[in-house]
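Throughout, protein chains are lettered first and strands after them, A, B, ... in sequence-line order, and every chain is numbered starting at 1.
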2 protein chains.
Amino acid sequence: MDKQTVTIYDVAREADVSMATVSRVVNGNPNVKPATRKKVLDVIERLDYRPNAVARGLASKKTTTVGVIIPDVTNIYFSALARGIDDIAMMYKYNIILTNSDENGRKEVQVLNTLMAKQVDGIVFMGNDISEELRKEFDRAKTPIVLAGCVDPTGQMPSVNIDYVAAVEEAVKNLIDRGNQKVAFISGSLDQPINREYRLKGYKQALKKAGLRYDEKLVFETDYSYKAGQLLQPALQAAGATAAIVGDDELAAGVMNGVSDAGLNVPDDFEIITSNDTKLTEMVRPKMSSITQPLYDIGAVSMRLLTKLMNSEPVDERTVLLPYGLMKRDSTN
Amino acid sequence: MDKQTVTIYDVAREADVSMATVSRVVNGNPNVKPATRKKVLDVIERLDYRPNAVARGLASKKTTTVGVIIPDVTNIYFSALARGIDDIAMMYKYNIILTNSDENGRKEVQVLNTLMAKQVDGIVFMGNDISEELRKEFDRAKTPIVLAGCVDPTGQMPSVNIDYVAAVEEAVKNLIDRGNQKVAFISGSLDQPINREYRLKGYKQALKKAGLRYDEKLVFETDYSYKAGQLLQPALQAAGATAAIVGDDELAAGVMNGVSDAGLNVPDDFEIITSNDTKLTEMVRPKMSSITQPLYDIGAVSMRLLTKLMNSEPVDERTVLLPYGLMKRDSTN
DNA sequence: AGTGGTTATGAAAACGTTTTCACGTTGATT
DNA sequence: AATCAACGTGAAAACGTTTTCATAACCACT
C-alpha cells in the first residue's frame with residue numbers, strides 16, 4: 001500500500017524506448033516519430049503516469065510557481081488583486097504560493113527567503129512599505145519581482161499602480177469645489193510612502209490650488225481597519241471637518257458609520273470619498289463615492305508583466321500606471 | 001552575471017567535511033560534534049549558502065507545501081478561512097499553494113492534479129459540492145486531504161465544519177418565535193449538499209416543530225452574490241415573506257439593501273438572519289444578525305488536522321464540528 | 001554511388017539534496 | 001586488557017526529471 005509511483009523510467013521500459021524519448025513526448029517536443037509518440041502515449045495512459053513536478057523543477061531549474069506576498073488576504077482590496085494575479089498565473093500555467101505578511105518587515109524578509117529557497121520563478125509583492133532590509137533582499141534576488149498596488153519611490157522596481165497623487169488631488173478638489181473648506185485626510189501610517197509621498201501630496205496640491213491652507217490637524221493617521229475608522233468620529237468633529245478623503249474602503253466604512261451613528265447625515269453634514277472602489281462601496285448605505293481603480297487588472301497586469309520578466313521578454317514599461325477615475329455615489333453630493 | 005548558486009557541495013569542500021555532514025547541520029541532526037557544527041555554520045554564513053528546497057523535496061519526498069483549493073479568495077467567507085489556514089501552515093513551516101476553483105468541477109479536478117504533480121504534502125479543499133469525478137480523484141490520491149467548511153454527506157473525508165442543520169434550525173426557530181409565519185429560505189444552488197441536505201433540512205425541522213407547513217414558494221435558490229440578493233426583493237414580497245434566513249453574508253447584504261431600498265424597514269417589516277458572521281455583518285446598516293461560526297478557526301483547525309494526517313499521527317475525530325451560535329444584531333427584533 | 005543535411009533516438013551526465021551503510025573513534029564497562 | 005555501545009563521519013546511492021551529445025537512419029541531391 002506504499003505510494004508506488006510510476007516513473008518516466010517505467011514508461012520507457014514498457015514502451016521500449018529511452019527516457020529521453022518519453023520526456024520528449026511528455027513535453028511536446030516535435031522531434032518524435034508519430035508512431036513512437038503514439039506508442040509512448042499509450043503506455044502513459046495505461047500506467048497512468050504523471051510527471052513529477054519536483055524532479056522536473058530540479059532538472060530544468062523552472063518550477064512554474066510564483067510567490068505572492070500579500071499583507072492580508074482577508075482585506076477586500078488585496079484579495080481583489082490576488083484574484084487577478086491568480087487568474088493570469090493560471091492562464092500562463094503558473095501556480096501561486098500565497099503568504100500573508102501582515103506588512104511586518106521581518107516576516108516579509110523571511111517569507112521572501114523561503115520563496116527563494118523554493119525556487120519560485122518570480123514574485124509579486126504587495127505591501128505599502130519596502131523596508132531597507134527588504135530592499136536589500138530584493139536586490140540580491142536573481143528572481144524577477146514586481147510590485148502590485150505598491151509604490152516604489154525610487155522607481156527601481158517594476159510595478160503596477162495608478163497615479164495616486166493625481167487621483168487624490170482630483171478627489172479632494174471635488175470635495176472642495178462643493179464648498180468644503182475643511183477636508184480631512186484619513187489614511188494609514190504616514191511612514192508608508194504611498195501615504196506620505198503620494199496621497200498626502202495629492203491632498204496638499206488640491207488645497208494649494210484652491211488657495212486653502214494645509215492644516216495638520218486635519219490629517220488623521222490610523223490603521224486600516226473598520227474599527228479605527230469608527231472611532232475617529234469625535235476627533236473629526238473636534239477638528240471641524242465637513243468632509244474626508246479616506247485611503248481604504250473598510251476604514252472609510254468605519255468612518256462613515258461612526259459619523260452616521262453620531263447623528264450626522266452623510267452626505268449632507270459630512271461627505272466622504274474613499275480610495276479603492278471595492279465592492280464594499282456598494283454594500284454600505286449610503287453607498288460610498290470613491291476613487292476608481294481597476295483592482296483586478298492591477299493584479300492581472302502585474303502577473304502578466306512578471307511572465308514577461310521571467311521569460312526575459314523585452315518590456316516597454318517597467319512601471320505601469322493604470323487609469324483611475326472618480327465614481328460619485330451617495331456619500332457625496 | 002549568471003545565477004551562480006552555492007551548493008551543499010561547495011560548503012562541504014570549504015569546510016573540509018562531507019556533504020552528509022553539512023546536510024546534518026542544516027537539518028539540525030544532533031549527531032555532529034559541536035566543533036564541526038561551528039565550522040560548517042561559519043562556512044555557510046560566509047558563502048551565504050541557502051538550501052535548495054526543490055532538491056530537498058526530491059530527495060526527501062517532502063515539499064513542506066500544501067495545496068489549498070478555494071472557490072474564490074475574493075469572497076470574505078472563504079478568505080477568512082484561508083487566513084486561518086495560512087497562519088497555522090506557517091506555524092508548522094508549510095507554505096500554501098492557493099488556487100481559485102470557481103466551484104467549477106472541471107477546474108477543481110485539474111487543479112487537484114497539478115497539485116499532486118507538484119507533490120504537495122497535503123490538501124485543504126473548500127467548495128460546496130464534491131462531484132463524482134472529483135471524489136474519484138480524491139480516492140486515488142495518496143495525499144491527505146481535508147475539507148474546510150465543506151460537507152461530505154458520505155462522511156468519508158476528514159472535514160471541519162459546524163452543525164449546519166442545528167444552526168439553521170435554531171435561527172429559523174428564532175425568527176418564527178417572534179411571530180414570523182412566512183420565513184424565506186435563501187441560499188445558493190440546492191444541488192449543493194450543504195444547502196439541500198443540511199441548511200434546508202434545518203429549515204424544515206424548525207417549521208415542523210413550530211407546526212408550520214413547508215412551502216416551496218418560500219425557498220429561493222440563487223447564486224452567492226450581492227447583486228442576486230438585491231434582485232430578490234420583488235419575489236420575496238410576492239411570496240409574502242416577512243423574514244429570511246440567508247446562506248451567505250454578501251447575499252444577505254444584497255437582500256437587506258434590496259428590501260430597504262424598496263421602502264421597507266428592516267427589522268420592523270422584514271427580519272433577516274445571515275449565516276457566516278463575517279465582518280460584513282457589522283459594516284452594513286442595520287447590522288445583520290447572524291449564525292455565528294468561527295471562520296478563522298475552521299481554517300486553522302483544518303490545517304492543524306492536516307498536519308496530523310501528513311505526519312501519520314493518530315487523529316481522534318476525523319470530522320470535527322466546531323461550535324456555532326446566534327448573534328443578535330439589528331436586522332432582527 | 002557518394003555527399004550532406006535532416007530527423008529520430010539513446011546513453012549518460014547533470015540538477016542539489018537526503019539517506020543508507022559502513023567504518024573508525026571514543027569512552028565506559030567488565 | 002578486552003569488549004561493547006554510542007558517537008561522528010564519509011562514500012555513494014538514491015530521488016525523477018531534463019538536457020547534451022553522439023550516432024543511426026533516412027532522404028534527397030548531385
Main-chain N/O of B:Ala300 paired with B:Asp297 side-chain donor or acceptor, under 3.5 Å: no
Is there a donor-acceptor contact under 3.5 Å from the side chain of B:Ser131 to the main chain of B:Leu134?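 Between the backbone of B:Leu134 and the side chain of B:Ser131 there is a qualifying donor-acceptor contact (under 3.5 Å).
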Compute whether any side-chain donor of one residue and acceptor of the other, for B:Lys118 and B:Thr63, lie under 3.5 angstrom apart. no
For the residue pair A:Tyr224 / A:Asp72, report whether a side-chain donor-acceptor contact shorter than 3.5 Å exists. no
Whole Å only: how far is the [atom1] atom of [X] from the [atom2] atom of [N]?
X: A:Asp16; N: C:dA8; atom1: CG; atom2: P; result: 18 Å
X: B:Tyr9; N: C:dG16; atom1: OH; atom2: C1'; result: 13 Å
X: B:Ile8; N: D:dA12; atom1: CD1; atom2: P; result: 17 Å
X: A:Lys118; N: C:dC15; atom1: NZ; atom2: P; result: 23 Å
X: B:Gln119; N: D:dT17; atom1: CD; atom2: C1'; result: 11 Å
X: A:Asn27; N: C:dT9; atom1: CG; atom2: C1'; result: 16 Å
X: B:Met19; N: C:dT18; atom1: CE; atom2: P; result: 9 Å

Select from B:Ser60 and B:Ala20 the residue whose nearest nucleotide in DNA chain D is closer to the 5' end of that strand.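 Looking at the nearest nucleotide for each, B:Ala20 comes out on the 5' side.
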Contacts to DNA chain D from residues 45-56 of chain B, heavy-atom cutoff under 4.0 Å, which residues?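 Output list: empty, so none.
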What nitrogen or oxygen pairs link the protein and nucleotides 6-9 of chain D at under 3.5 Å?
unit_1, atom_1, unit_2, atom_2, d
D:dT9, OP1, B:Thr36, OG1, 2.5
D:dT9, OP2, B:Lys33, N, 2.9
D:dT9, OP2, B:Thr36, OG1, 3.2

Criterion side chain to side chain contact (heavy atoms under 4.5 Å, CB included) on B:Thr99 and A:Asp86, from CA distance to verdict: CA-CA 7 Å; B:Thr99 41; A:Asp86 186 46; 4.2 Å; yes
Of all the nucleotides listed (C:dC15, D:dT18, C:dT18), which has the minimum atom distance to the side chain of A:Leu58? C:dC15
Between C:dT18, D:dT18, D:dG16, which nucleotide gets closest to the side-chain atoms of A:Thr7?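 Nearest listed nucleotide: D:dG16.
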Under 4.0 Å: is that the gap between some side-chain N or O of B:Thr5 and OP1 or OP2 of C:dG16? yes
Would you tell me if any nitrogen or oxygen in the side chain of B:Lys62 comes within less than 4.0 Å of OP1 or OP2 on C:dT18? no
Could you go through residues 30-38 of chain A and list every donor-acceptor pair under 3.5 Å that involves a side-chain atom there, pairing it with any protein atom two or more places apart or in another chain?
unit_1, atom_1, unit_2, atom_2, d
A:Thr36, OG1, A:Lys33, O, 3.4
A:Arg37, NH2, A:Asn29, O, 3.3
A:Lys38, NZ, A:Asp42, OD1, 3.4
A:Lys38, NZ, A:Asp42, OD2, 2.8

The complete set of ring pair (Phe, Tyr, Trp, His ring centres under 6.0 Å) pairs with one or both residues in residues 15-45 of chain B, sequence neighbours excluded, reads none
Can you list everything that forms a salt bridge (Lys or Arg N to Asp or Glu O under 4.0 Å) with A:Lys136? Sequence neighbours excluded, please. none
List in chain and number order the residues that pass salt bridge (Lys or Arg N to Asp or Glu O under 4.0 Å) with A:Glu103, two or more places apart in sequence or in another chain; answer none if no residue qualifies. none
